[in-house]
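Written out below as structure tokens is the structure these notes cover.
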Number of protein chains: 2
Amino acid sequence: MEPSNRLETLLERLRARGLRLTPQRLAIVRALVNHPGHPSVEQLHQEILPDFPTTSLATVYKTVHLLKSQGEVLELAFGEQGSRFDGLRPRPHPHLICTRCGAIMDPAGDGPEALEALAAELAQRAGFSVSSHRFDIFGLCPACRG
Amino acid sequence: MEPSNRLETLLERLRARGLRLTPQRLAIVRALVNHPGHPSVEQLHQEILPDFPTTSLATVYKTVHLLKSQGEVLELAFGEQGSRFDGLRPRPHPHLICTRCGAIMDPAGDGPEALEALAAELAQRAGFSVSSHRFDIFGLCPACRG
DNA sequence: TTCCGTGCAAAGAGTTTGCATCTGT
DNA sequence: ACAGATGCAAACTCTTTGCACGGAA
């Protein structure tokens with residue numbers, strides 16, 4: 001498999017901070033980047049186990065948060081079940097979330113601009129300074145609509 | 001204190017379902033309605049304790065979820081700390097969330113229409129059907145910008 | 001009188017933390 | 001060699017659940 005730019009970017013971030021590239025971290029980062037569908041910690045862990053059977057859940061948590069703290073991973077936290085992570089597009093953008101199968105998709109075409117503008121406008125009126133935002137759209141994915 | 005329409009609406013919902021209006025429920029509903037700032041379960045509980053010192057957290061959870069299941073309360077779940085609730089405006093609308101003091105505000109002027117439209121457009125392109133949505137804007141409130 | 005609601009305590013789920021051991025650099 | 005990472009298990013937070021007692025209707 002040819003290394004994606006994204007993978008290299010993430011690894012570079014770690015190296016730049018003088019952090020160690022352990023086999024576990026490499027596997028986690030790879031899983032994160034290869035996963036188009038916003039994986040959970042549990043999913044990442046499962047994907048890694050075949051190659052590194054002793055990897056603990058704690059390590060996955062630590063690594064993912066490490067990357068998040070460097071702004072390279074977006075965390076989508078939910079109250080109920082666990083968080084889901086986006087290692088491909090770390091900047092805030094809308095998400096389509098299927099309430100039946102749990103799929104999380106990035107809208108095509110994209111256009112965080114409209115969102116950004118809306119956030120800025122609402123915040124300004126209230127005297128808020130914006131640091132981030134999140135827009136989740138809940139519904140049924142094409143496969144789950146009858 | 002003069003009973004707000006909102007309070008009456010909530011109580012009516014409970015009555016309509018043949019549910020009992022216990023003193024605890026009344027107190028919880030009142031606290032929910034009088035609270036402009038999206039209270040947590042813990043906060044509601046604290047506000048009620050002076051009047052009903054034996055009220056348990058479990059009861060607050062149950063009551064709040066009861067109202068939520070009837071569409072009369074909006075739950076804002078977060079991954080980290082606990083959920084916050086809006087008993088005044090149960091329909092989806094944007095929220096301004098201060099990352100320093102935790103305040104949650106409803107933008108003035110309002111305009112869920114733009115959001116609604118954006119959600120519909122993004123969903124349609126992906127073949128999603130929309131059932132709900134959520135837009136959180138994170139930043140610093142006027143008081144916390146120093 | 002009848003259920004429904006309450007309160008307590010125990011159970012759960014997801015996440016984090018402490019610490020001894022191991023390992024990349 | 002040494003700072004940093006790992007893995008295990010215990011701890012934590014928020015929330016839910018089971019069950020016997022109590023109270024609204």
Side-chain angles (χ1 to χ4, degrees), chain A residues 10-32 38-46 48-70 73-85 102 104, chain B residues 10-32 38-46 48-70 73-85 102 104:
Chain A
L10 292 190
L11 296 181
E12 193 43 54
R13 284 301 159 113
L14 294 179
R15 276 189 285 257
R17 273 217 182 174
L19 299 170
R20 294 182 186 165
L21 269 65
T22 63
Q24 291 93 328
R25 282 191 177 163
L26 232 166
I28 294 168
V29 172
R30 225 193 294 273
L32 208 39
H38 308 78
S40 65
V41 165
E42 196 62 58
Q43 282 177 302
L44 292 172
H45 188 225
Q46 290 302 320
I48 287 161
L49 280 185
D51 296 312
F52 302 90
T54 66
T55 305
S56 72
L57 218 42
T59 294
V60 182
Y61 274 107
K62 287 166 184 167
T63 300
V64 163
H65 285 151
L66 191 66
L67 292 167
K68 182 191 170 189
S69 76
Q70 308 195 181
V73 158
L74 186 68
E75 175 173 7
L76 296 178
F78 296 95
E80 333 84 47
Q81 55 194 298
S83 290
R84 305 278 292 267
F85 298 86
I104 300 183
Chain B
L10 293 190
L11 296 181
E12 193 43 56
R13 284 302 158 111
L14 294 179
R15 278 190 284 258
R17 273 217 182 174
L19 300 169
R20 293 179 186 167
L21 268 65
T22 63
Q24 291 94 329
R25 281 191 178 163
L26 231 166
I28 294 168
V29 172
R30 224 193 295 272
L32 208 40
H38 307 78
S40 64
V41 165
E42 196 62 57
Q43 282 177 302
L44 292 172
H45 188 225
Q46 290 301 320
I48 287 160
L49 281 185
D51 296 311
F52 302 91
T54 65
T55 305
S56 71
L57 260 182
T59 294
V60 182
Y61 274 108
K62 286 167 185 166
T63 300
V64 163
H65 285 151
L66 191 66
L67 291 167
K68 182 190 171 191
S69 76
Q70 308 195 180
V73 159
L74 187 67
E75 176 174 6
L76 296 178
F78 297 96
E80 334 82 46
Q81 54 192 300
S83 290
R84 305 278 291 267
F85 298 86
I104 300 183

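Numbered from 1 within each chain, the chains take letters A, B, ... in sequence-line order.
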Closest-nucleotide ordering on DNA chain C, the 5'-leading residue of Gly79(B) and Thr59(B): Thr59(B)
For atom NE2 of His45(B) and atom P of dG7(C), their distance in whole Å: 8 Å
Along DNA chain D, first and last positions that approach a heavy atom of chain B under 4.0 Å: dC14(D) to dA25(D)
Shortest non-hydrogen separation from Ser83(A) to Phe78(A) and the atoms involved: OG-N, 4.5 Å
Spacing between Leu49(B) atom CG and dT6(C) atom P, to the nearest angstrom: 14 Å
Protein-nucleotide distance (Leu14(B), atom CG; dC4(C), atom P), rounded to Å: 15 Å
pair Glu12(B)-Arg15(B): side-chain heavy atoms closer than 4.5 Å: yes
Euclidean distance, atom CZ of residue Arg15(A) to atom C1' of dG24(C) [Å, nearest integer]: 13 Å
Evaluation steps, side-chain contact (heavy atoms from CB on, under 4.5 Å), between Val29(B) and Leu21(B): CA-CA 10 Å; Val29(B) 172; Leu21(B) 268 65; over 6 Å; no
Close side-chain approach of Leu66(B) to Val73(B), heavy-atom, < 4.5 Å: no
Whole angstrom value for the distance that separates C1' of dG5(C) from CG of Leu57(B): 16 Å
Between OG1 on residue Thr22(B) and CZ on residue Phe52(B), distance to nearest 0.5 Å: 8.5 Å
Difference in axis direction between the ends of the helix from dT1(C)-dA25(D) to dT25(C)-dA1(D), five pairs, 10°: 30°
CD1 on Ile28(B) to OH on Tyr61(B), rounded to 0.5 Å: 12.0 Å
Polar pairs (N or O, both sides) under 3.5 Å between protein and nucleotides 8-14 of chain C?
none

Min side-chain heavy-atom separation Gln24(B)-Val60(B) under 4.5 Å: no
Separation of dG7(C) C1' from Gln24(B) CD (nearest whole Å): 9 Å
Any side-chain heavy-atom pair of Leu19(B) and Gln70(B) under 4.5 Å: yes
OP1 or OP2 of dC4(C) under 4.0 Å from side-chain N/O of Thr22(B): no
Side chains of His38(A) and Leu76(A) in contact at under 4.5 Å (non-hydrogen atoms): yes
Presence of His65(A) side-chain N/O under 4.0 Å of dT16(C) phosphate oxygens OP1/OP2: yes
Euclidean distance, atom CD of residue Glu75(A) to atom C1' of dT16(C) [Å, nearest integer]: 13 Å
Rounded distance (nearest 0.5 Å) linking atom CD of Gln43(A) with atom CG of Leu32(A): 11.0 Å
Pairwise side-chain contact, Thr63(A) with Thr59(A), heavy-atom cut-off 4.5 Å (strictly under): yes
